[in-house]
Amino acid sequence: MPELPEVEVVRRGLARWTTGRTVEKAEVLHPRAVRRHAAGPADFAGRLAGRTVLPPRRRGKYLWLPLADAPSEAPSEALLAHLGMSGQLLVGEPDREPQKHLRVRIAFTGGPAADPLDLRFVDQRTFGHLMVAELVPDAVAGAAAPAPDGAGLVPAPIVHIAADPLEDAFDGDALYRALRRRRTGIKRALLDQSLISGVGNIYADEALWRARLHWARPTETLTRAEAARVVAAAQDVMRAALAVGGTSFDSLYVDVDGESGYFERSLDAYGRRDEPCRRCGSPIRRDEFMNRSSYSCPVCQPRPRRARY
């Protein structure tokens with residue numbers, strides 16, 4: 001599943017191509033793609049038509065395009081997207097061939113460039129979704145007044161999502177206090193989007209490898225320094241992934257231009273079972289975890305005596 005770096009790569013591409021453009025029309029080609037839009041496909045398409053797109057935003061694994069009724073007006077709603085396991089948001093010329101798993105097509109007019117453009121939501125497994133949602137004040141951002149471009153507002157369905165490690169609003173001390181109150185393993189906590197958003201299975205393993213902590217370490221035993229080390233490791237690995245376009249294990253994750261990311265070549269733990277640890281040379285270990293896998297070094301990341309799975 002695309003995690004924070006992959007979604008941020010897509011957001012940056014959308015910012016380049018869609019900001020300032022006006023939606024001419026939207027077509028829903030598969031109703032499951034807009035299943036979270038309760039009013040249905042026709043209402044989804046109708047609420048997009050004629051709206052101007054402001055700079056796209058992201059929190060964790062969600063991204064959204066703020067929608068204004070006119071270029072000079074503040075947005076009241078947004079096109080909210082979650083890519084799921086295989087969702088792709090692709091931009092290009094409207095007359096290009098339709099993709100096999102094309103679910104939604106949005107045609108634009110205007111913008112910085114006069115060339116026609118459309119945005120396509122392609123999703124092989126249809127676990128991703130799009131919806132038009134009301135924008136509400138962002139509780140994470142505090143009392144700051146919303147800006148005309150939509151800063152300080154978030155879509156109502158994700159108002160409960162915590163700040164992610166790359167946001168200015170992220171509060172490491174608040175996360176540490178929350179971790180100490182929990183009775184769970186550190187990796188489970190990192191995957192809890194109400195505590196910290198955007199971290200998935202891949203980057204949790206990578207951050208914990210860099211921080212030299214085992215994934216089953218009880219959160220209530222963490223010191224402030226250890227929690228800070230995990231956060232810094234997560235920030236570092238995500239920035240490194242962003243620099244090379246994210247992580248692509250197959251053709252399902254691509255950016256808006258259809259290009260894959262290359263960070264899988266730099267992974268230190270995830271997917272490297274029995275390969276030598278890049279620090280100590282010990283074979284990387286794979287453990288079952290929440291119907292998935294966890295990868296760690298048995299020497300650099302020793303299993304705690306009182307593990308929480």
Side-chain angles (χ1 to χ4, degrees), residues 1-12 14-15 55-66 78 80-83 135-147 149-182 184-213 215 217 219-244 246-247 263 270:
M1 179 181 291
E3 300 181 28
L4 185 158
E6 291 75 45
V7 178
E8 174 62 13
V9 169
V10 173
R11 187 205 66 80
R12 292 178 181 183
L14 292 175
R57 302 195 173 276
R58 179 197 53 74
R59 170 156 294 162
K61 303 174 189 178
Y62 288 88
L63 63 84
W64 63 94
L65 278 61
L80 176 64
H82 191 286
L83 300 180
L135 288 171
V136 298
D138 182 7
V140 171
D149 65 355
L153 298 171
V154 296
I158 65 166
V159 71
H160 64 287
I161 299 294
D164 67 57
L166 299 187
E167 287 188 71
D168 292 338
F170 180 77
D171 187 340
D173 286 337
L175 175 63
Y176 169 68
R177 293 192 296 270
L179 291 174
R180 293 280 296 182
R181 291 193 297 268
R182 296 292 175 106
T184 188
I186 180 59
K187 183 172 178 179
R188 280 183 180 268
L190 290 175
L191 301 182
D192 185 341
Q193 302 298 294
S194 68
L195 290 177
I196 178 172
S197 66
V199 182
N201 204 39
I202 297 173
Y203 295 109
D205 280 356
E206 292 298 299
L208 291 171
W209 183 86
R210 293 187 178 206
R212 298 178 180 244
L213 290 174
W215 55 269
R217 172 73 179 272
T219 55
E220 68 270 23
T221 69
L222 290 172
T223 66
R224 188 179 296 274
E226 287 172 329
R229 201 162 76 226
V230 173
V231 169
Q235 292 169 331
D236 288 346
V237 73
M238 288 180 171
R239 291 188 180 110
L242 270 172
V244 291
T247 300
F263 193 66
Y270 186 87

**OP:** May I ask you to say whether E8 pairs ionically with R12, meaning some side-chain N is under 4.0 Å from a carboxylate O?
**Re:** yes

Original post:
Nearest heavy-atom pair of E167 and A162: which atoms, and what distance?
Top reply: OE2-O, 4.4 Å

**OP:** Apply side chain to side chain contact (heavy atoms under 4.5 Å, CB included) to the pair F170 and L175, showing each step before the final yes or no.
**Re:** CA-CA 9 Å; F170 180 77; L175 175 63; 3.8 Å; yes

Original post:
Side chain of Q193, backbone of I161: donor and acceptor closer than 3.5 Å?
Top reply: no

Subject >> Closest non-hydrogen atom pair, V140 against D138 >> reply: N-OD1, 3.0 Å

**OP:** Supply the atom-to-atom distance W64 CH2 to I158 CD1, rounded to the nearest 0.5 angstrom.
**Re:** 4.5 Å

Subject >> Qualifying residue, where the test is side-chain contact (heavy atoms from CB on, under 4.5 Å) with K187 and the options are N201, V199, D192 >> reply: N201

Original post:
Looking at P66 and L135, what are the two nearest heavy atoms and their distance?
Top reply: CB-CD1, 4.4 Å

Subject >> Note, P165 side chain near I196 side chain (heavy atom, < 4.5 Å) >> reply: yes

Subject >> Between CG on residue L179 and CD1 on residue I186, distance to nearest 0.5 Å >> reply: 5.0 Å

Subject >> Side-chain heavy atoms of R182 within contact of L195, under 4.5 Å >> reply: yes

**OP:** Dump the intermediate steps for side chain to side chain contact (heavy atoms under 4.5 Å, CB included) on E226 and T221, then the final yes or no.
**Re:** CA-CA 10 Å; E226 287 172 329; T221 69; 5.8 Å; no

Subject >> Under 3.5 Å: donor-acceptor pair, side chain of R59, backbone of A163 >> reply: no

Original post:
Between V136 and V154, is any pair of side-chain heavy atoms under 4.5 Å apart?
Top reply: yes

Original post:
Is there a side-chain contact between R224 and D173, using heavy atoms and a 4.5 Å cut-off?
Top reply: yes

Subject >> side chain to side chain contact (heavy atoms under 4.5 Å, CB included) assessment of W209 paired with V237 >> reply: CA-CA 10 Å; W209 183 86; V237 73; over 6 Å; no

**OP:** Calculate, to the nearest 0.5 Å, the distance between atoms NE2 and OG belonging to H160 and S197 respectively.
**Re:** 10.0 Å

Subject >> Atom pair CD1/CG of I202 and L4 - distance to nearest 0.5 Å >> reply: 12.5 Å

Original post:
When you measure from the side chain of R239 to the backbone N and O of A241, does any donor-acceptor pair fall under 3.5 Å?
Top reply: no

Subject >> Note, P55 side chain near D149 side chain (heavy atom, < 4.5 Å) >> reply: yes

Original post:
Which heavy-atom pair separates P5 from L242 by the least distance, and what is that distance?
Top reply: O-CD2, 3.5 Å

Subject >> A233 to A207 - nearest heavy-atom pair and separation >> reply: CB-O, 3.3 Å

Original post:
Can you check side chain to side chain contact (heavy atoms under 4.5 Å, CB included) on L222 and V230, steps first, answer last?
Top reply: CA-CA 10 Å; L222 290 172; V230 173; 5.6 Å; no

**OP:** To the nearest 0.5 angstrom, please state how far the CG atom of D164 sits from the OH atom of Y62.
**Re:** 13.5 Å

Subject >> Straight-line distance of R57 CZ to L80 CG, nearest 0.5 Å >> reply: 14.5 Å

Original post:
Donor-acceptor pair, E3 side chain versus Y203 backbone, under 3.5 Å?
Top reply: yes

